[in-house]
Amino acid sequence: MEDVQKTRIAVEIYGKTYKMIGTESSKHMRMVASLVDDRMREISLHNANLDSTKIAVLTAVNSVHDYVKLKEQIVLLEEQLKKLKG
């Protein structure tokens, strides 16, 4: 069995520090944390009365929505590619 090197870093998201452990580079993990932080701050700007838990849930819902839309686009592009190939 292959030993995968784990990256351990501390990141700050929406004013709180979290320890992240993963197989990606620390640069990648920091970028992901930064995107989550940015999205949470954007949502909080438009919903000042929400607590951090609700902001986090809305961030997750929006992120999964984006993920599903991208997956749908990939399927369509793959179908188009198959048609082009013949």
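This is a predicted model, so every value here is computed, not measured. Counting begins at 1 with the first residue of the sequence.
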message: Treating Asn47 as the side-chain partner and Asn49 as the backbone partner, does any N or O pair qualify as donor plus acceptor under 3.5 Å?
response: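 A pair under 3.5 Å: no.
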- prompt: Linking I/L/V/M/F/W/Y whenever their side-chain heavy atoms sit closer than 4.5 Å, directly or via other members, would Val32 and Ile9 fall into one cluster?
  reply: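 Different clusters: Val32 never reaches Ile9 through Ile, Leu, Val, Met, Phe, Trp or Tyr contacts under 4.5 Å.
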query: In terms of hydrophobic clustering (I, L, V, M, F, W, Y; side-chain heavy atoms under 4.5 Å; direct or indirect links), are Tyr18 and Ile55 co-clustered?
result: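 Cluster IDs for Tyr18 and Ile55 match.
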query: Closest approach of Leu58 and Leu50, non-hydrogen atoms and distance?
result: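 Minimum heavy-atom contact is CD1-CD1, 3.4 Å.
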message: Checking Val11 against Ile13 for the side-chain contact (heavy atoms from CB on, under 4.5 Å) test, could you report, in this order, the C-alpha distance in whole Å, the side-chain angles of both residues, the deciding distance, and whether it holds?
response: CA-CA 6 Å; Val11 297; Ile13 300 173; 4.2 Å; yes
Inter-residue atom distance [X].[atom1] - [Y].[atom2], 0.5 Å rounding:
X	Y	atom1	atom2	answer
Lys16	Met40	NZ	CE	9.0 Å
Leu81	Ile74	CG	CD1	12.5 Å
Arg8	Met20	CZ	CE	13.0 Å
Tyr14	Asp38	OH	CG	12.5 Å

message: Give me each pair satisfying side-chain hydrogen bond (donor to acceptor under 3.5 Å, both in side chains) with a member in residues 66-75, each pair once, sequence neighbours excluded.
response: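 For residues 66-75, and leaving out neighbouring residues, the side-chain hydrogen bond (donor to acceptor under 3.5 Å, both in side chains) pairs sorted by first residue read Arg39-Asp66.
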query: Tell me, which pairs form a side-chain hydrogen bond (donor to acceptor under 3.5 Å, both in side chains) where one or both residues lie in residues 21-37, sequence neighbours left out?
result: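 Qualifying pairs: Asp37-Arg41.
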- prompt: What residues form a side chain to side chain donor-acceptor pair (under 3.5 Å) with Asn62, not counting sequence neighbours?
  reply: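 With sequence neighbours excluded, Asn62 shows a side chain to side chain donor-acceptor pair (under 3.5 Å) to no residue whatsoever.
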